Asks: 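My questions will all concern the structure given below.
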Amino acid sequence: MNPLSSSAPALRTEAVSKHYRRGAVVVRAVEQVTLAIAAGEFTALLGASGSGKSTLLNLLAGLDHPSAGAVYVRERELGAMSAAELARHRRQTVGMVFQNFNLLPRMTLEENVELPLRLAEVERGERAARVAAALERVRLTARRGHRPSELSGGEQQRAAIARALVNRPGILLADEPTGNLDSRNGRQILELFREINRELGVTILMVTHERALAEAYAGRILALQDGLLAADGAAAPAAEPEGGQA
Amino acid sequence: MKPRDMAELAGRNLREALLRNSLTTLGIAVGGASLVAMLSLGAGLKHFASSRLSHSGLFNSILVTRKIDFRGLRRLAHTPAKPPQPSRPLDSAALAALRRLPHVTEVYNQVRFINEVNYDGHPYTTAIAGVPNLARHNDAFTGMKGRYFSGPQAREAILEDSFAKQLTAHPHRLLGQELDLRYARREPLPAAPGSDASGFAIVPQVERLRIVGIIFSQPVFGFSGFMPGRVFIPQSLAERLQVAEVSDLRNVVQGAGAGRNYSSLTVNLQSASDVPAAEAAIRGMGFRTFSLQDASRRLALVFAIFDLLLGVFGSLALAVASLGIINTLVMAILERRREIGVLKALGAGELEIKKLFLMEAGVMGLAGGIAGVILGWALGRGLNWGTAIYLNRRNLPAVEVSMVPWWLALGAIGFAIFISLLAGLYPAARAARLDPIKALRYE
């Protein structure tokens, strides 16, 4: 999908940079990145370790603030939002999936998935149905009463996806979702992403370092190198970042 | 997040580190118990003192006397601005006027005199006192041997235990026996023809009294308690006897007339709060007054300071327990760092994280406060039990030294919650400020 499509982009950055100090050294994690991701796109963000892709994802999620530039989500600038508005943005506009799943170990799957609904103050009566639907979508209905430690890595990640989707956000931000999974489970997760993207129309931005998977499932590939946007294109990127994996 | 969801989440978090949180809660309970036990002691002693004093009638009484100018007795440094004025007599008309004042329950002349009592053919010089109705519920009469007077005019006497022992080696056998009271009766004389002068005659009289009770402590009533009574008779009977008093001579000389004149009258009111207004009204009538309102206020002040000190000492344990809450919650932040990051990533705001930790602190405070009240109440019961045994061994009536009124129970729980929330403020703020990115990376 063309990033410069006429419809309003779901995600957009304007010369966004993120610098931080590590002792006397200034680390330029993200440098002058300008991009736009249209609503409904499934985009992979490739890059080597330390290239700044997770930092960029955190900026888009509103978990971090840019040092310069601006981040827009559905054309609302995150920098202009109050802390409470940013929290609402994370609660309702974006869903997040992490490499290490980040399910709460003392809660059952059902309770983990219900957590965003509690935060969004969804009525109790409605919650059960939405949790059931989310778990069914990721095919974990049978494991609803289990704790994360009783599940495989793939199942945990599917549960994390259910949790990210239960508030029906329009955007899914996934940070290395297959990083802790074997290839079979990794493929299952990406199948699920494709299904969510196609059936629900959810915009997906997935950070990964696995080029093959990205090319197989994402419609568009962005590549970061040393904080700079090095490539932006369809599944076969024109310019490949140096240094291996990405 | 809705309060119920927040409470559920807080409860779940507290159950996760059950031992540590239980110990912290126990610390609050011990602190709360210390506070409750201390203040229950204050409340018990205050109740004990005030009930004894209110039964004595001292704090809702006013002593009324004539305004007699005694300046002539003293050597004055300068000439008084106003010469002495005639004072209003404290007579039957004054007594009737005093009875008409609002909230007055009783007006009586405190009758106490020294005279002779004959029992079994032997004369005993002793102090006789009239007992007003209000003294019926005095502690001295509630624990007496025998019974109280059958009526206000009953020719009956109650003896003080030590006096009864003077009459016989077996005081309990005195009940139902009779004794003779010899006294000087004041008989008014009519004025001589053509003269305003009047006077009275002293007539020796004997009144036979049946002994109906023996008391073991001195009843407290009115203000003329300097001369302890040994033989007690009903007030109305004592007034009817018309016993001659020293003040009668002064009244005759001052031309107060042959009618009844009193050296003092005691006015009893419904409650101590009625005293100031009544006192002002009586002064307006031209009499001198004396009450224990100042003493009562000072007593209240003493108890307030006593309560404050007990509260401060009791709160120290709670303050120490609050350090436990801070420690527990700071530990929880370290342990749940990643969880806080996840909550923030899922859309929890700083305020919600703060509220969650404060709710955990509040739940510990609530549980600790309730347990503390129960523990403090149990300690108080133990103290009452121990005191009762100790007093019983000394032949003294049991006293409730500790009591937990409802305001103390609720106040202690509220205070425990308040202290816990206060202690939770720092950890809650620290948790709320956690950087979600760092928290999510935390292993």
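Just so it is clear: chains get the letters A, B, ... in the order the sequence lines come, proteins before strands, and each one is counted from 1. If you're wondering where the values come from, they're calculated on a predicted model, not measured in any experiment.
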Asks: Between A:Glu111 and chain B, which part of the residue has a heavy atom less than 4.5 Å away: side chain, backbone, both or neither?
Replies: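 The side chain, not the backbone.
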Asks: Pick one of side chain, backbone, both or neither for B:Glu339, based on which atoms fall under 4.5 Å of a heavy atom in chain A.
Replies: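 When you check distances to chain A, atoms from both the backbone and side chain of B:Glu339 fall under 4.5 Å.
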Asks: Please output the residues of residues 302-328 of chain B in contact with chain A, using a heavy-atom cutoff of under 4.5 Å, in numerical order.
Replies: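 So far as heavy atoms go, nothing in residues 302-328 of chain B approaches chain A to under 4.5 Å.
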Asks: To the nearest 0.5 Å, what is the distance between CG (A:Leu119) and NZ (B:Lys2)?
Replies: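 If we round to the nearest 0.5 Å, A:Leu119:CG and B:Lys2:NZ are 12.5 Å apart.
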Asks: Under a 4.5 Å heavy-atom cutoff, which of A:Val94, A:Asp64, A:Thr55 has the most pairs with chain B?
Replies: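 Option with the top pair count is A:Asp64.
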Asks: Does the side chain of B:Leu440 come within less than 4.5 Å of A:Met96's, by heavy atoms?
Replies: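 Of all side-chain heavy-atom pairs linking B:Leu440 with A:Met96, none is under 4.5 Å.
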Asks: In terms of heavy-atom proximity below 4.5 Å to chain A, should B:Leu343 be classed as side chain, backbone, both, or neither?
Replies: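 B:Leu343 touches chain A through backbone and side-chain heavy atoms alike.
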Asks: Any donor-acceptor pair under 3.5 Å linking the side chain of A:Arg90 with the backbone of B:Lys344?
Replies: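 Answer holds: yes.
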Asks: When rounded to the nearest 0.5 angstrom, what distance separates CG in A:Leu63 from CD1 in B:Ile437?
Replies: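 Reported to 0.5 Å precision, the distance equals 5.5 Å.
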Asks: Within residues 356-391 of chain B, which residues come under 4.5 Å of chain A, heavy atom to heavy atom?
Replies: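 Under the 4.5 Å heavy-atom cut-off, nothing qualifies.
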Asks: Whether B:Asp5 and A:Arg127 form a salt bridge (side-chain N of Lys/Arg under 4.0 Å from carboxylate O of Asp/Glu) is what I want to check.
Replies: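 Judged by the 4.0 Å cut-off on N to carboxylate O distance, A:Arg127 and B:Asp5 do form a salt bridge.
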Asks: Who in residues 168-177 of chain A is close to chain B, using a strict under-4.5 Å heavy-atom cut-off?
Replies: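 The residues closer than 4.5 Å to chain B amount to none at all.
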Asks: Under 4.5 Å, heavy atom to heavy atom, which residues of residues 7-28 of chain B contact chain A?
Replies: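 B:Glu8, B:Leu9, B:Arg12, B:Asn13, B:Glu16 fall under the 4.5 Å cut-off.
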Asks: Ignoring hydrogens and angles, tell me if any N or O in the side chain of A:Arg91 forms a donor-acceptor pair with the backbone of B:Gly347 under 3.5 Å.
Replies: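 Yes; judged by distance alone, with no hydrogens or angles, the pair exists.
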Asks: Using side chain to side chain contact (heavy atoms under 4.5 Å, CB included), reason through A:Arg118 and B:Leu346 one step at a time and then give a plain yes or no.
Replies: CA-CA 10 Å; A:Arg118 283 180 191 251; B:Leu346 294 178; over 6 Å; no
Asks: In terms of heavy-atom proximity below 4.5 Å to chain B, should A:Asn58 be classed as side chain, backbone, both, or neither?
Replies: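 Side chain only.
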Asks: With a 4.5 Å cut-off on side-chain heavy atoms, are B:Arg4 and A:Arg124 touching?
Replies: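 A side-chain contact exists here, since the closest heavy-atom pair is under 4.5 Å.
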